[in-house]
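Step one of this worksheet: look at the structure below.
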Number of protein chains: 2
Amino acid sequence: MTVTKIKNMEEFAAVSGLSRPTISKFFNDPQSVRPSTRTRIEEALERFDYRPNIYAVNQNRQLTKTIGIVVPYLADPFFAEIARNIETRCIEEGYSPSLFSSHGRQEQENDILETLRSMKPAGVLIAPLGRISDKAFIERFCKDVPTVLFDSKLEDVGQVFIGSDNMQFTSMMVEYLNRSGDAPCFFEMKTPTNPNARKRRQAYIEAMKRLGHQPKIVQVDGVGWDFEEIGHRGGLEALNNDRFETSTVLCSNDRLAIGFLAACYQKGVRVGLKENCHLRVAGHDNHPFSKFTCPSLTTVSQDYAAISEKSVRMLFDLIASETSDSAHKDTLFEGKLVMRDSA
Amino acid sequence: MTVTKIKNMEEFAAVSGLSRPTISKFFNDPQSVRPSTRTRIEEALERFDYRPNIYAVNQNRQLTKTIGIVVPYLADPFFAEIARNIETRCIEEGYSPSLFSSHGRQEQENDILETLRSMKPAGVLIAPLGRISDKAFIERFCKDVPTVLFDSKLEDVGQVFIGSDNMQFTSMMVEYLNRSGDAPCFFEMKTPTNPNARKRRQAYIEAMKRLGHQPKIVQVDGVGWDFEEIGHRGGLEALNNDRFETSTVLCSNDRLAIGFLAACYQKGVRVGLKENCHLRVAGHDNHPFSKFTCPSLTTVSQDYAAISEKSVRMLFDLIASETSDSAHKDTLFEGKLVMRDSA
DNA sequence: GGCAAATATTTACGCGCGTAAAAAAACTAT
DNA sequence: ATAGTTTTTTTACGCGCGTAAATATTTGCC
């Protein structure tokens with residue numbers, strides 16, 4: 001590396017012996033210049049490490065190379081994991097991902113979208129807060145910016161949604177639990193933030209009826225995203241008051257199940273399949289930590305990789321197509337039964 | 001809101017009946033214009049929702065209002081939590097935080113710093129990967145950009161470090177465990193990524209000697225950030241081979257402990273303080289999930305809020321001071337014993 | 001070697017805003 | 001009302017780069 005500091009494209013063009021427009025073309029698309037030219041530029045890059053000023057670049061672009069990623073709650077390893085996958089894929093495609101978390105608050109979600117709008121991103125991937133999202137606000141955003149919604153569907157918002165087939169998730173699990181023991185109760189929050197939760201409840205009810213059982217739903221209080229806490233407190237309360245009519249509990253999601261398992265442990269309720277166990281417990285999502293609960297949690301796995309991959313691909317399709325064909329495209333992935341020790 | 005679309009500051013100046021330089025001053029610092037003027041602009045803002053083009057703004061600023069936040073592994077709720085705190089504080093101060101995760105890879109950490117450098121941020125908060133960080137690279141970065149290191153200290157790098165007093169953490173816990181039962185073994189990874197782990201080991205050894213005990217360290221294989229997995233696998237192996245010489249195990253961190261507790265459960269080893277228990281287990285960090293392990297985990301709590309708060313304040317001091325006084329300032333926070341059921 | 005096609009250069013303008021300097025206007029206080 | 005101070009306006013330049021058009025050069029091909 002040389003001592004010379006290159007401070008703009010003009011100077012870099014000089015040291016590489018080319019003209020500025022050629023350098024500009026190169027940075028927009030290396031393939032657009034002749035191989036020999038490309039080599040010369042790359043050699044110069046080795047010697048002088050220059051990078052175009054991103055602000056100057058983006059100012060003159062109607063469309064930047066930024067991809068916005070918005071998740072509702074980053075402290076949930078599920079979203080952290082999805083975000084990681086998406087980030088990686090975006091980088092591979094030559095885009096710069098920018099990650100945001102709404103931290104469970106509508107106001108923040110809207111602020112993020114405002115910020116994003118001013119960033120003129122090529123596209124945005126958003127997992128909305130759900131029930132408490134400002135639907136109209138997000139809808140307007142989707143009209144202006146190519147946006148893919150994932151995880152949490154908002155009816156009639158956006159052109160593309162990628163998520164899980166919650167009906168299939170829950171049906172499969174209810175059937176499994178039913179044929180391997182008694183029919184499950186359903187353990188959930190009274191007012192879940194996430195629309196997936198509502199689908200799961202519905203699927204539970206339908207599956208139970210189909211199997212000739214009376215649905216038995218145990219709802220607990222609590223708002224926000226501290227699902228473990230809610231599952232724990234609500235679980236204790238439900239156990240204390242004998243609210244579970246069968247010896248099998250299907251939790252609306254794994255985080256709730258983690259809290260519930262803690263409650264069981266505390267109450268001395270043995271969970272699992274073994275002879276001396278009182279209760280079977282299952283969840284949904286295959287949360288990264290569900291393998292390490294006590295006992296390890298039987299659950300339905302979301303296909304993280306597939307959801308991330310498909311979301312990104314659909315976004316790039318959307319960007320490429322340009323046409324605002326208002327055909328709503330939904331993609332739902334099926335889950336796989338992950339059988340562990342808890343049920 | 002009116003139908004008129006404002007597309008630049010010129011137009012916005014027109015509709016608000018002021019000149020562009022005044023509008024420019026306002027956006028740089030609302031306090032710098034006369035109150036009556038400020039009111040007029042704010043009224044116009046209500047009617048026309050205009051935001052300055054961030055790229056044009058930043059191009060002409062030597063220093064942007066961006067704050068970079070870099071964490072080693074975002075899927076760890078500990079870092080997610082810290083990041084959330086820091087983000088919030090930055091926004092309160094009128095800055096735009098930009099969050100990045102190194103995902104446990106040196107290459108990615110360096111890439112992020114490269115990207116950040118080109119973003120001309122006002123300052124950067126980074127929790128380095130630790131052992132596998134490219135020290136020289138980070139050191140160079142710190143020279144160019146006001147940077148606060150937190151969580152994981154790299155010797156002689158950067159001017160400011162904020163973290164926990166690992167010596168105090170471990171000493172306190174070892175003393176507690178010793179006086180409430182037998183002396184603990186220390187359970188850790190053979191080659192930990194994080195320097196905190198090394199400090200904790202050292203503190204363990206010293207504390208044990210001070211108390212007249214022989215240190216008993218149980219090390220397990222494994223690399224990367226899947227601590228639960230490593231703790232689980234290593235824990236099973238250690239239990240199978242009777243590697244714990246006492247009935248108390250102090251884990252280097254809570255995530256390792258979570259995996260270890262799962263191993264104990266699986267092996268039928270009862271953990272806790274009660275009469276019929278075989279083992280006591282403790283951890284470090286007060287990980288968000290440690291309250292929900294089975295049994296709930298006794299640990300030393302990091303002061304998340306204090307670390308975040310102090311890191312941000314120190315960064316703003318650094319930005320304000322401008323002077324590159326090379327005085328290294330370290331701030332270490334003490335931990336508090338969190339007594340739960342596991343020890 | 002000559003010709004068409006592909007690529008690079010020259011020249012020039014514009015993006016949206018920061019910012020400096022001088023002039024004008026609006027306040028403040030007496 | 002007047003002088004003095006603060007604020008705003010006018011004017012103008014520059015930031016680093018995208019990009020268009022006309023021109024010049026290189027390349028591939030027979």
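In this text, all values refer to a predicted model and were calculated from it rather than measured experimentally. In the text below, chain A, chain B and the rest are named by the order of the sequence lines, each starting its count at 1.
Note: NZ (A:Lys25) to C1' (D:dG18) measures 13 Å, nearest angstrom. The nearest whole Å value for the distance from the CZ atom in B:Phe26 to the P atom in C:dG16 is 21 Å. Look at CE on B:Met9: it is 12 Å from P on C:dG16, rounded to the nearest Å. A:Gln59 places its CD atom 11 Å from the P atom of D:dG18, with the value rounded to the nearest Å. The distance from atom CD1 of A:Ile23 to atom C1' of D:dC17 is 13 Å, rounded to the nearest whole Å. Separating the CD atom of A:Glu11 from the C1' atom of D:dG16 is a distance of 11 Å, rounded to the nearest angstrom. For B:Arg34 and C:dT28, the CZ to P distance is 8 Å, given to the nearest whole Å. Protein atom CG of B:Asp29 is 12 Å distant from nucleotide atom P of C:dT19, rounded to whole Å.
Phosphate proximity of D:dC17 to A:Tyr50: present, with a side-chain N or O under 4.0 Å from OP1 or OP2. Dashed line: the shortest gap from a side-chain N or O of B:Thr22 to OP1 or OP2 of D:dT7 is not under 4.0 Å. Distances shown here put every side-chain N or O of A:Thr37 at or beyond 4.0 Å from the OP1 or OP2 atom of C:dT7.
The pair A:Arg313-A:Glu309 meets the salt-bridge criterion, with a side-chain N (NZ, NE, NH1 or NH2) lying under 4.0 Å from an Asp/Glu carboxylate O. One finds a salt bridge joining A:Glu92 and A:Arg89 here, because a Lys/Arg side-chain nitrogen approaches an Asp/Glu carboxylate oxygen to under 4.0 Å.
Contact check for A:Phe141 versus A:Ile112: no side-chain heavy atoms found under the 4.5 Å cut-off. Contact annotation: the side chain of A:Val145 never approaches that of A:Leu116 to less than 4.5 Å [non-hydrogen atoms, C-beta and beyond].
A donor and an acceptor atom, one from each side chain of B:His103 and B:Glu109, are nowhere located under 3.5 Å apart.
For A:Arg20 and D:dG16, a side-chain-to-base donor-acceptor distance below 3.5 Å is absent, hydrogens and geometry of angles not being considered.
Listed nucleotides: D:dT8, D:dG18, C:dG18. Nearest to the side chain of A:Ser24: D:dG18. Side-chain proximity of A:Pro21 to D:dG16, C:dT11, C:dC27: nearest is C:dT11. Distance from the side chain of B:Asn60 is smallest to D:dC15 among D:dC17, D:dT8, D:dC15.
Where A:Arg38 and B:Ala56 meet DNA chain C, the nucleotide closest to each residue was compared, and A:Arg38 sits on the side nearer the 5' end.
Using a 4.0 Å heavy-atom distance criterion, B:Asn58 is classed as making no nucleic acid contact.
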